Amino acid sequence: MTAADPGLAALEAEVTTCRRCPRLVAWREEVARDRRAAFADQEYWGRPIPGFGDPAARVLILGLAPAAHGGNRTGRIFTGDRSGDFLFAALHRTGFANQPTSVHRDDGLALTGAWITAAVRCAPPANKPTPLERDTCLPWTVAELQHVRDVRVVVCLGAFAWDAALRLRVALGLPPLRPRPKFGHGAGVDVGPWIMLGSFHPSQQNTFTGVLTEPMIDEVLRTARDLAG
C-alpha cells in the first residue's frame, strides 16, 4: 500500500473494519483473544486483511484467505506462516519482492509489479469459508481492481482462488465462460481482461510433501512476469 494513493488508503480503511460475516467476525476475534501459545505475547490483528503491494502491478496474486495465526495475527496476507515463507521466498527469487521473508506488517517488505490479495479477507474456521462468505467478500476485490488498474495476469493459488477469479470476472460485468476453464498447476487461459495462471497453493501440506516445489512455483511466477510484459 502506498500513502500516495488516497483511494487505496480509503479502501483499506473500509476493508479492515468490515463486519459483514458474523461467523468470520466471531472466529477471527476469538483467535485473536485466545492466541496460540507460541504467540501469546503478541497482539493479534484480528481484523479483515487488505490487499497490498504495487498499485501499478500488472500481476495479481490471489489466495484463499488469511491464516488464523498468520495474516490474522500479523495484519498482512501470507505473512507470518509457512505458506508465506514459501511464497515470499519465491517472489524474491523471481524479482517481485525486495526481500525473501515476511514476518509482520512493518518489516520493510515491498513488492514491485505484483499485488497480493485474498478471495476472503477474514480467517475462516478450518480454512473453509462458506459460499455466502465467499460471495460477500468478492466486492472488496472488485473495488481493489478499480485502483490497481493495470493487472494483466492473475496467478491463482489453488482451486478456490481459480474459482474466485472467474467469479471476479463476472462481477466486473463479463459473461460466464462456457466451457468453464479447469484449474491445474501451470494451467493458463486468456479470459479477458487478463490471463489466468494456476498454481497449487503453497500450503504446508503441498510444500512439505513435494506436491508444490520451489522450481514449480518459480516457473509460474516467471511466466506471469513474461506474460504481463
Side-chain angles (χ1 to χ4, degrees), residues 1 12 15-16 27-28 31-32 35-36 38-39 42-54 57 59-129 137 140-141 144 154-162 164 185 197-222 224-225:
M1 192 67 66
E12 177 173 326
V15 169
T16 57
W27 174 247
R28 79 191 191 210
V31 171
R35 306 178 189 179
R36 179 174 283 174
F39 308 121
Q42 298 184 21
E43 182 177 351
Y44 274 52
W45 174 261
R47 289 182 276 160
I49 308 296
F52 88 102
D54 181 358
V59 176
L60 177 74
I61 299 171
L62 184 61
L64 193 167
H69 301 281
N72 190 57
R73 171 173 60 89
T74 63
R76 190 165 66 195
I77 190 67
F78 282 113
T79 294
D81 60 35
R82 292 293 181 86
S83 295
D85 292 344
F86 189 90
L87 176 62
F88 286 112
L91 289 170
H92 180 66
R93 288 191 301 270
T94 54
F96 287 106
N98 68 326
Q99 62 190 44
T101 58
S102 177
V103 294
H104 58 78
R105 281 172 61 89
D106 300 313
D107 61 6
L109 176 70
L111 302 182
T112 302
W115 182 268
I116 299 183
T117 194
V120 175
R121 307 308 177 98
C122 295
N127 210 33
K128 292 182 179 179
C137 226
W140 291 129
T141 310
E144 275 183 346
V154 178
V155 176
C156 303
L157 300 178
F160 191 98
W162 182 269
H185 183 85
L197 295 178
S199 171
F200 292 140
H201 192 279
S203 64
Q204 287 190 61
Q205 180 179 359
N206 285 341
T207 59
F208 283 13
T209 59
V211 170
L212 180 65
T213 64
E214 291 181 357
M216 289 169 67
I217 195 168
D218 288 359
E219 182 178 5
V220 170
L221 292 174
R222 290 193 179 103
R225 176 179 291 284

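This structure is a prediction, so every number in the text was calculated from the model and none was measured. Scope of the values below: all heavy atoms of this structure, side chains included, with no hydrogens, waters or symmetry mates.
In this structure, CZ on Arg93 lies 4.0 Å from CD on Glu214, to the nearest 0.5 angstrom. Residue Phe86 holds its CZ atom at 10.5 Å from CG of Leu157, rounded to the nearest 0.5 Å. Separating the OG1 atom in Thr117 from the CD1 atom in Ile49 is a distance of 10.0 Å, to the nearest 0.5 Å. With rounding to the nearest 0.5 Å, the separation of CG in Asp218 from NE2 in His92 is 11.5 Å. Here the straight-line distance linking atom CG of Leu60 with atom CG of Leu197 works out to 11.5 Å at 0.5 Å rounding.
Figure legend: Arg35 and Tyr44 shown without cation-pi pairing, the cationic atom not lying both under 6.0 angstrom from the six-membered ring centre and within 45 degrees of its axis.
The minimum heavy-atom distance between Ala97 and Leu111, with the atom names listed, is CB-CD2, 3.7 Å. Residues Phe96 and Ala114 approach most closely at CD2-CB, 3.7 Å, considering heavy atoms. Shown here for Trp27 and Ala123, the closest heavy-atom pair between the two residues is CD1-O, 3.0 Å. Taking all atoms of both residues into account, the shortest heavy-atom contact from Ala118 to Leu62 is C-CD1, 3.9 Å. Of all heavy-atom pairs between Ala65 and Cys122, the closest is CB-O, 3.8 Å. Looking at every heavy atom in both residues, Val59 comes nearest to Ala224 through CG2-O, 3.8 Å.
Panel note: side chain Glu144, backbone Gly51; a donor-acceptor pair is recorded below 3.5 Å. Judged by distance alone, with hydrogens and angles left aside, the side-chain atoms of Arg82 form no donor-acceptor pair with the main-chain N or O of Gln204 at under 3.5 Å. Proximity of a side-chain donor or acceptor of Asn206 to a complementary backbone N or O of Leu212 within less than 3.5 Å is not detected. The main-chain N or O of Leu64 is never found under 3.5 Å from a side-chain atom of Asn127 such that the two would form a donor-acceptor pair. Between the side chain of Thr94 and the backbone N or O of Leu221 there is no donor-acceptor pair closer than 3.5 Å. Here the side chain of Ser83 pairs a donor or acceptor atom with the backbone of Pro202 at under 3.5 angstrom. Counting only distance, with no hydrogens or angles, the side chain of Asp54 and the backbone of Thr112 share no donor-acceptor pair below 3.5 Å.
A 4.5 Å side-chain heavy-atom check between Trp140 and Pro48 finds every atom pair outside the cut-off. Counting only heavy atoms from C-beta outward, the side chains of His69 and Val31 approach each other to under 4.5 Å. When side chains are defined from C-beta on, Thr79 counts as touching Phe88, because their heavy atoms get closer than 4.5 Å. Looking only at side-chain heavy atoms (C-beta outward), Ile116 and Leu91 come within less than 4.5 Å of each other. At a threshold of 4.5 Å between non-hydrogen side-chain atoms, the residues Thr101 and Asp107 do not count as touching.
Donor-acceptor pairing under 3.5 Å is lacking for the side chains of Thr16 and Arg121. Side chains of Arg76 and Ser102: a donor on one and an acceptor on the other come within 3.5 Å.
The environment of Gln42 atom CD is dense: over 12 non-hydrogen atoms of other residues, nucleotides or ligands sit within 6.0 angstrom.
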